[in-house]
Amino acid sequence: MTIHICTTCGTSYPDTAEPPKRCPICDDERQFVPRSGQGWITPARLAASHANAWRRLEPDLFEVHTSPGFAIGQRALLLRLPTGNILWDCIALFDEATEALLRALGGLSAIAISHPHYYTCMQDWARAFDCPVHLHIADADWVMRGDPLIRHWEGDTLSIAPGVTLLRLGGHFPGGTVLHWAEGAARRGALLSGDIVQVAADLNRVSFLWSYPNMMPLSAATVRRIADRLRPCPFERIYGAFTGRQVMSGGANVVQQSAARYVELLQSEQS
Ligand SMILES: [Zn+2]
Ligand SMILES: [Zn+2]
């Protein structure tokens, strides 16, 4: 038997002889099932046709993404810390090369994930390094393959290492989480934001949506709350979910200005 991975979102499902009939993550209105129907792939087939590519974003921050692009196409970020490495967000392909490179970099002490679209094969990354996976409890129903290494946390903040704090902002998912890294960007602070604060094509803007593929907005009150929750946090950079999507300077102001403009557009009476 083998686990099965949804080819549209990258979510993994338990070992069974046959793949499941549906992917609840893709059946949800925030995602979609393609016209061609629900597709599945096994880890062995994924590893045979794809590889992971690495990039260094700053001295202790690496990006890993799958090439050619697979499913949603997000990147995972590896934070290299003296207290142990942290993987932020996750991708479906965990092959032998990825495991060997991670071991050479010192392994993993913890995994933290912004929201269910990036849960993917977190169980396999965690088991290889016997490390916990920190997920917000508000999204617990979206775990499709349970694992004893998953630790659900409650509340609005969780410190997972010195200077590394998870902030639950909600929005795109009720448990939507970002990671604040105080020492990032040469100690000016960095926000690892997943889809919760989405770095836009104009790299001096961010946005906030309920559904990205189906282009459905969040309420003005929700966007205001997200911006308010981030106001006390100093950060210069924002590293978004996708390759090349990072705000390199003035990140905290970019969030406040983008949120204010979003609310203004929602509440505008102009046609
Ligand atoms: Zn799916
Ligand atoms: Zn998402």
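Computed from a predicted structure; not experimentally measured. All ligand and atom numbering here is 1-based and tracks the order in the structure.
Put simply, the side chain of Asp147 gets close to the backbone of Leu149: a donor and an acceptor are under 3.5 Å apart.
To the nearest 10 degrees, the angle centred on the Zn ion (ligand 1) between SG in Cys6 and SG in Cys23 reads 110°.
A side-chain donor from one of Gln256 and Arg231 sits under 3.5 Å from a side-chain acceptor of the other. Judged by distance alone, the side chains of Glu29 and Ser211 never bring a donor and an acceptor atom under 3.5 Å apart.
Checking Thr177, Asp195, Asp89 one by one against Ser114, the side-chain hydrogen bond (donor to acceptor under 3.5 Å, both in side chains) holds for a single residue, Asp89.
Within the structure, every pair that satisfies the ring-ring contact (aromatic ring centres under 6.0 Å, His included) test and touches residues 222-268, not counting sequence neighbours, is listed here: Phe208-Tyr262.
Inspection of the environment of the Zn ion (ligand 2) yields the following protein N, O or S atoms under 2.8 Å: His115 NE2, His117 ND1, His172 NE2, Asp195 OD2.
The aromatic ring centres of Trp153 and His136 sit less than 6.0 Å apart.
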